[in-house]
Amino acid sequence: MKTHCPYCALQCGMTVTPGSPATVAPRRDVPANAGGALCQKGWTAADLLAHPDRLTAPLLHGEPASWTAALDHVAGRLRALRAEHGPDSVAVFGGGGLTNEKAYTLGKFARVALGTSQIDYNGRFCMSSAAAAAKRAFGLDRGLPFPVTDLAEADVVLLAGANVAETMPPLVRHLTGPRLIVIDPRRSATAKLAWLHLRPLPGTDLALALGLLHLVLAEGLADEAYLAARTTGFEAVRTSLAAWWPERVERVTGVPVARMRQAAHALGRADRAVVLTGRGAEQHAKGTDTVTAFINLALALGLPGRPGSGYGCLTGQGNGQGGREHGQKADQLPGYRRIDDPAARAHVAGVWGVDPASLPGPGRSAYELLEALGTPDGPRALLLFGSNPVVSAPASLRITERLKALDLLVVADFVPSETAALAHVVLPTTQWAEESGTMTNLEGRVLLRRRAVDPPAGVRSDLEVLRELAGRLGHDFAAEPAEVFDELRRASAGGPADYAGISHERLAAETGLFWPCPAPEHPGTPRVFLDRFPTPDGRARLVPVEHRPPAEETCADYPVYLTTGRLLAHYQSGAQTRRIAALIEAAPEPFVEIHPDLAAQLEIGAGDLVEVTSRRGAARGVARVTDAVRPDTVFMPFHWEGANRLTNPVLDPLSRMPEFKVCAVRLERVA
Ligand SMILES: Nc1nc2c(c(=O)[nH]1)N[C@H]1C(S)=C(S)[C@@H](COP(=O)(O)OP(=O)(O)OC[C@H]3O[C@@H](n4cnc5c(=O)[nH]c(N)nc54)[C@H](O)[C@@H]3O)O[C@H]1N2
Ligand SMILES: Nc1nc2c(c(=O)[nH]1)N[C@H]1C(S)=C(S)[C@@H](COP(=O)(O)OP(=O)(O)OC[C@H]3O[C@@H](n4cnc5c(=O)[nH]c(N)nc54)[C@H](O)[C@@H]3O)O[C@H]1N2
Ligand code: SF4
Ligand SMILES: [Mo]
């Protein structure tokens with residue numbers, strides 16, 4: 001059966017053949033992994049289907065229970081909490097791995113069945129800063145506003161804080177242009193492929209982007225005609241750059257002026273160039289402004305909306321794009337509408353058959369929601385679908401305490417994640433290959449995942465769970481994916497992310513459609529900015545932004561910077577991949593990358609167990625001594641419980657993104 005990978009936003013095409021075990025093979029008809037590539041995670045994805053850890057019965061206070069007993073219990077507790085403490089006493093948390101149908105239904109469930117404003121999702125921890133910056137600049141956030149295959153046409157690609165060689169290996173095949181520039185404090189697998197590697201101190205990309213733009217302007221490489229015709233705000237940006245002369249930027253970032261100049265020249269002289277950001281540049285308390293600085297650079301070079309050129313964000317989760325469009329975000333209604341927009345409320349309330357006034361307003365953002373759980377003013381119950389915050393949330397010890405303080409924690413998952421282990425009720429759900437649904441990949445291409453194998457006895461789909469709970473709360477919800485999608489189409493119609501012309505049938509026939517696609521005969525929109533930007537005046541907006549240091553700087557007690565990120569073999573919180581033998585073998589345990597000079601200074605040897613401590617907690621890992629990291633910075637993957645005990649939950653003022661990518665720590669060898 002033709003389907004797509006359960007993991008990242010590239011959504012590589014694969015076929016799944018039932019059997020014991022079921023097997024996976026790459027498809028060749030899907031552009032994202034043209035030629036039939038899959039990474040190690042994709043190849044082994046079917047190993048989790050019949051895994052011994054698979055949850056197959058609901059758990060009520062840790063004991064197996066019937067579905068009726070579990071759902072009755074949950075609905076009863078929700079009703080009681082709402083009656084006693086009001087609708088906002090119940091919260092919902094979703095994920096960017098959920099299908100569009102699930103994300104849509106989760107948002108509707110919160111607003112209609114629960115009447116709560118308290119819903120958000122893990123996309124806040126992912127690409128929210130890039131989304132906020134793209135909306136501010138272009139009026140629209142479609143991660144890549146062009147097909148991923150366009151990357152092959154670019155002479156220069158600038159990758160700011162993305163390690164695609166590990167996080168989306170088949171994407172590297174599209175980076176065939178002569179010049180790849182990578183900005184990463186580490187000599188990552190991707191940096192090793194680069195023509196030019198810039199190695200800033202973590203948290204200084206904003207200064208670096210300002211420095212690059214300063215050089216582009218100083219050397220007459222800006223596209224003045226494009227700036228005049230297609231943008232506003234350039235003069236204010238030009239003025240704001242005066243203070244960011246290259247030598248100052250070198251002092252702040254550690255990147256030599258000569259290297260910055262090489263990058264600026266390559267970008268400025270290329271016929272076609274693309275600027276891309278990943279989590280390394282985005283996951284900061286100034287992530288939105290950092291992305292804005294890179295967008296300003298792209299606009300000054302005249303890239304967005306030109307063939308083979310542009311700015312894009314490399315969205316991460318399987319449905320990281322669709323997951324941010326259909327209403328599981330605190331401030332949002334389906335179709336990428338705003339929940340505080342009266343016309344949007346009226347439209348969606350009409351589709352849902354409710355009074356617009358009954359729809360709650362915007363609620364708390366992901367970290368703020370998790371931090372409020374079980375506090376006097378915060379929610380007392382949480383329904384969690386598709387996230388494992390005990391491992392993946394910043395300041396995770398604090399968040400784990402909040403989860404433990406809840407009156408009711410309900411987790412829907414197919415494996416016993418670290419967060420499910422704390423739940424009062426665990427609901428066992430179907431996995432990707434056992435259900436159908438749509439995913440919107442990093443290009444904005446809507447794809448159909450087809451059911452390929454039968455689920456084990458005892459599990460239900462997330463949509464069935466939500467229908468059952470809604471029914472017990474007096475609401476009639478659809479649970480058939482195609483039926484839910486038809487409702488989503490109507491709810492999204494006329495919104496920025498318009499899916500009205502897309503259907504499961506069309507997707508099955510056409511291997512994917514780009515939104516916006518407003519009508520059944522519409523071909524979809526592979527490139528969204530060719531003629532104009534969806535702003536009131538049709539122009540993109542340059543916005544002046546200022547550099548500031550990381551929220552936490554090193555000091556005598558915490559003298560080293562920590563940054564965090566991903567490994568090829570594991571996915572996210574690791575709940576899925578830490579159960580797959582081949583992936584455990586590839587990456588068995590947490591580790592800390594330490595530069596040889598720092599290791600020598602701290603008397604740490606390769607293979608020693610190291611304790612890393614920040615103001616929020618301590619975590620352990622095995623020392624890997626390598627000059628791939630800077631002497632002032634250590635790196636830890638976040639796929640195991642631990643790294644996030646250390647991270648700093650300070651938030652970006654606009655996107656509410658936490659500062660996952662930089663905090664101050666100290667290291668000690670564990671005797
Ligand atoms: N194997 C694998 N693939 C994945 C995932 C996974 O968990 N595992 N997750 C998916 C998801 S949800 C996402 S969001 C994407 C993320 O994909 P990426 O953004 O590529 O992943 P990260 O490893 O988080 O960060 C990328 C790089 O940022 C660098 N970095 C750290 N601090 C800074 C900084 O201050 N500035 C700059 N410029 N760089 C910095 C790190 O050294 C790292 O190499 O991957 C997706 N694909
Ligand atoms: N330190 C640090 N922390 C980070 C990051 C970082 O770079 N550094 N990156 C952040 C980013 S970008 C992200 S996206 C988050 C991700 O972190 P999480 O939000 O924890 O995401 P996952 O690990 O994918 O969690 C998914 C959970 O849901 C389950 N699941 C998967 N699909 C489904 C489904 O369809 N239905 C249901 N019910 N369950 C499902 C899985 O089994 C797993 O237990 O982590 C963030 N945390
Ligand atoms: S690159 Fe992403 S979508 Fe492709 S096989 Fe690997 S995890 Fe799956
Ligand atoms: Mo992500």
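Counting convention: from 1, in listed order, for ligands and their atoms alike. In this text the structure is predicted, and so the values were computed from the model without any measurement.
In terms of polar-atom proximity, defined here as any N/O pair under 3.5 Å, Gln572 does make such a contact with ligand 1. The shortest N or O to N or O distance between Ile183 and ligand 1 is under 3.5 Å. Any N or O atom pair closer than 3.5 Å counts here, and Pro200 shares no such pair with ligand 1. Not one N or O of Thr564 is nearer than 3.5 Å to an N or O of ligand 1, by distance alone. Taking only nitrogen or oxygen atoms, main chain and side chain alike, Ser188 does not reach within less than 3.5 Å of ligand 1. Distances between N or O atoms of Cys8 and those of ligand 1 include no value under 3.5 Å. Between Gln317 and ligand 1, no pair of N/O atoms sits closer than 3.5 Å. For ligand 1, the polar-atom distance check finds no N/O of Tyr571 at less than 3.5 Å from any of the ligand's N/O atoms. Of the polar atoms of Arg279, at least one N or O is found under 3.5 Å from an N or O of ligand 1, judged by distance alone. Below 3.5 Å of separation, one finds an N or O of Gly280 facing an N or O of ligand 1.
Cys5 SG, 2.3 Å is the protein heavy atom nearest to atom 8 (Fe) of ligand 3. Closest protein heavy atom to atom 1 (S) of ligand 3: Pro170 CD, 3.4 Å. What sits closest to atom 4 (Fe) of ligand 3 on the protein, heavy atoms only, is Cys12 SG, 2.3 Å.
Among the backbone and side-chain atoms of Cys39, none of the N, O or S atoms lies under 2.8 Å from atom 8 (Fe) of ligand 3. At a cut-off of 2.8 Å, Cys8 is counted among the residues with an N, O or S atom near atom 2 (Fe) of ligand 3.
Using 4.0 Å as the threshold, Glu282 has no heavy atom nearer than that to any atom of ligand 1. For the ligand labelled ligand 1, residue Leu201 lies outside the 4.0 Å heavy-atom shell. Within the structure, the closest approach of Leu568 to ligand 1 falls below 4.0 Å when heavy atoms are considered. At least one heavy atom of His284 sits less than 4.0 Å from an atom of ligand 1.
Proximity of Gln40 to ligand 3, defined as any heavy-atom pair under 4.0 Å, is not found for any part of the residue.
A donor atom on one side chain and an acceptor atom on the other are found under 3.5 Å apart for Thr315 and Arg324.
By the 30° and 60° cut-offs, the orientation of the rings of His547 relative to Trp244 is perpendicular. Ring orientation note: the planes of Trp640 and His570 are nearly perpendicular, at an angle over 60° on the 30°/60° scale.
Listed for the Gln262 side chain is no donor-acceptor partner under 3.5 Å among the backbone atoms of Leu196. Using a distance-only test at 3.5 Å, with no hydrogens or angles considered, no donor-acceptor pair links the side chain of Asp120 to the main chain of Ser365. With hydrogens and angles disregarded, no donor-acceptor distance shorter than 3.5 Å links the side chain of Arg199 to the backbone of Asp184.
Separation of the Phe660 and Phe125 ring centroids falls under the 6.0 Å cut-off.
Residue Arg548 qualifies as enclosed at atom CZ: its count of foreign heavy atoms under 6.0 Å is above 12.
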